[in-house]
Amino acid sequence: MTPSDVKATLSFSDGSPSMDLPLYKGSIGPDVIDIRKLYAQTGKFTYDPGFLSTASCNSTITYIDGDKGELLYRGYPIEQLAVNCDYLETCYLLLYGELPNEAEKAKFNETVMHHTMVNEQMQFFLRGFRRDAHPMAVMTGLVSALSAFYHDSTDVHNPEHREISAIRLIAKMPTLVAMAYKYTIGQPFIYPQNDLSYAGNFMRMMFATPCEPYKPNEVLVRAMDRIFTLHADHEQNASTSTVRLCGSSGTNPFAAIAAGVACLWGPAHGGANEACLNMLNDIQANGGVGKIGEFIKQVKDKNSGVKLMGFGHRVYKNYDPRAKLMRETCYEVLNELGLQNDPLFELAMKLEKIALEDEYFVARKLYPNVDFYSGIVQRAIGIPVPLFTAIFALARTVGWIAQLNEMIGDPEYKIGRPRQLFVGAPARNVKPIGER
């Protein structure tokens, strides 16, 4: 970390000694105040619910400027990566810090694609679930179960173990997601085909059957690859922080990633695109495009309890840079499949137009976000709504692994141990039961 020329001094009105706090500069973004010695020198903690003003680590992986609407993977703008690179190139970048050349890309692709199969015993794990189980419940169990099959790579402190675990997780997640889907609809599992692209292989495992040949639609494959790329990492969000905190105990990589999957399940995080499609279905059921004006009135009424899902973002105070790319892909997919006049998609596009033009939404910067468009794309492709978050987990796995590896390799890393402001009862004595 680079020390800043600026110094901070913390003073107290009760006469306690003041304390100098060093500042550190990032390569871009806000400076940070180092409070690591605060408790030792003052006996006080900081209070920051949600960690909105606290940097829990230093990182070289992903940078977000919410005001500018900027997202960088290892310094590269997401707009350039999504257009010029595929998902596995993005994985290589996040894991190793640089984009691969042709030879490196070929070797990495081959390595990943030759680890796509899972142990046949995984079928028995699946059969323990009900057919109507939520895919994220299934994925949490399956990812954690991988540690039972790969005892040769569960030492998180061994760089070689972390390397092979990273490859295995990236390679096997599409297989597990597709297996979870096939199980819910009662179709046979489709084995990976390694001569296809990463996204093409996933599409085949999802939609092929043993009855007939399957040829992936390249427009849809490209759309799925873009979804993966746009969701590959997003700095220190809830699930990434969960993976880091879980991994800080020294647990194996599969367990840490399973913790990330569980956190991502929440509707405020990875379930946002699922919530968005459910919202559209509700509007459609209540009258569709003809009733959209009434829905918008309810959204504007703070007392109605009606929320506009898929619009605005906690981080981005400008247009989500991923949304611009996903919007292009959305229209490309709808045109390819001839779904422009589908009632639900017509409703979605009408809602998009209102949000982009209505002063209420523009003033509050409630622009359509990546979840709005990715949900529409996935539904058009034929992916059921409950599976959306599992696909998000698939894409985010590489980001989680890169963040976990970075943390373990940091000489300053310690097991996570947040503090608290205790407001409960002070010490008291237990009375005999007859006196209570």
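Just so you know, these numbers come straight off a predicted model, no measurement behind them.
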Within this structure, what is the [atom1]-[atom2] distance for the pair [X] and [Y], rounded to the nearest 0.5 Å?
X	Y	atom1	atom2	value
M279	Q284	CE	CD	12.0 Å
R226	I78	CZ	CD1	9.5 Å
R244	S59	CZ	OG	5.5 Å
S239	H269	OG	NE2	3.0 Å
N237	T240	CG	OG1	3.5 Å
L264	T140	CG	OG1	9.5 Å

Can you list the residues that meet the side chain to side chain contact (heavy atoms under 4.5 Å, CB included) rule with [X], with sequence neighbours excluded?
X	result
Q340	N335
F125	M122, L142, A145, F149
H157	D155, I408, Y413

Self-check item: Set of residues satisfying salt bridge (Lys or Arg N to Asp or Glu O under 4.0 Å) with respect to R222, sequence neighbours excluded
Solution: E332
State, yes or no, whether a side-chain contact exists between [X] and [Y] at a heavy-atom distance under 4.5 Å.
X	Y	result
T184	R131	no
V143	L169	yes
D342	L337	no
F388	C276	no
F45	I35	no
P384	Y181	yes
Y96	E104	no
L23	V32	no

Quick one: side chains of residues 247-258, donor-acceptor pairs under 3.5 Å with protein atoms, not counting sequence neighbours, listed by atom name and distance.
| unit_1 | atom_1 | unit_2 | atom_2 | d |
| --- | --- | --- | --- | --- |
| S248 | OG | L245 | O | 2.6 |
| S248 | OG | G416 | N | 2.9 |
| S249 | OG | C246 | O | 2.9 |
| N252 | OD1 | F254 | N | 3.0 |
| N252 | OD1 | A255 | N | 2.9 |

Pairs involving [range], ordered by first then second residue, that meet salt bridge (charged side-chain N to carboxylate O under 4.0 Å, His left out) (sequence neighbours left out):
range	answer
residues 45-63	none
residues 181-202	none
residues 75-98	D86-K105, E89-K105
residues 391-404	none

Practice problem: Check the pair S374 / D371 against side-chain hydrogen bond (donor to acceptor under 3.5 Å, both in side chains), numbers first and verdict last. | Solution: CA-CA 5 Å; S374 67; D371 299 308; 4.6 Å; no
Exercise. Would you check, one step at a time, whether the test side-chain hydrogen bond (donor to acceptor under 3.5 Å, both in side chains) holds for E346 with N341?
Key: CA-CA 6 Å; E346 186 180 351; N341 297 322; over 6 Å; no
Quiz item: Using the benzene-type ring in the case of Trp, are the ring centres of F372 and F311 under 6.0 Å apart?
Solution: yes
Quiz item: Can you name the ring pair (Phe, Tyr, Trp, His ring centres under 6.0 Å) partners of Y24, sequence neighbours left out?
Solution: none
Quiz item: Who pairs with Y331 by ring pair (Phe, Tyr, Trp, His ring centres under 6.0 Å), at least two apart in sequence or on another chain?
Solution: none
Quiz item: Among T229, L230, V398, which residue meets the side chain to side chain contact (heavy atoms under 4.5 Å, CB included) test with T90?
Solution: T229
Main-chain N/O of [Y] paired with [X] side-chain donor or acceptor, under 3.5 Å:
X	Y	result
H234	H231	no
R162	V156	yes
N201	Q193	yes
S241	A238	no
T175	T116	yes
K291	I283	no
D410	E406	no
D225	V221	no
S304	V306	yes
N194	M113	yes

Practice problem: Can you run down the ring-ring contact (aromatic ring centres under 6.0 Å, His included) pairs that involve residues 57-89, sequence neighbours left out, and say none if there aren't any? | Solution: Y87-Y198, Y87-F228
Quiz item: H134 vs W265 aromatic rings, parallel, tilted or perpendicular, using cut-offs 30° and 60°?
Solution: tilted
Quiz item: How far apart are the C-alpha atoms of T62 and L72, what are their side-chain angles, what is the distance that settles it, and do they pass the side chain to side chain contact (heavy atoms under 4.5 Å, CB included) test?
Solution: CA-CA 6 Å; T62 302; L72 308 177; over 6 Å; no
Quiz item: Cation over ring, R379 on F345, under 6.0 Å and within 45°?
Solution: yes
Practice problem: Compute both the distance and the angle, then confirm whether R419 meets the cation-pi test with Y39: under 6.0 Å from the six-membered ring centre, within 45 degrees of the axis. | Solution: yes
Salt bridge check, [Y] against [X]: does any charged N sit closer than 4.0 Å to a carboxylate O?
X	Y	value
E412	R36	yes
K300	D358	yes
D233	R74	no

Exercise. Would you check if there is a donor-acceptor pair between the side chains of Q236 and Q403 at a distance under 3.5 Å?
Key: yes
Quiz item: Just checking, is any N or O donor in the side chain of E328 or Y373 under 3.5 Å from an acceptor N or O on the other one?
Solution: no
Exercise. Please assess W400 against V261 for the test side chain to side chain contact (heavy atoms under 4.5 Å, CB included), listing each intermediate value before the final yes or no.
Key: CA-CA 10 Å; W400 288 334; V261 173; 3.8 Å; yes
Practice problem: Start with the C-alpha gap between E110 and K107, add the side-chain angles, then the distance that decides, and say whether salt bridge (charged side-chain N to carboxylate O under 4.0 Å, His left out) holds. | Solution: CA-CA 5 Å; E110 181 182 13; K107 182 179 179 181; over 6 Å; no
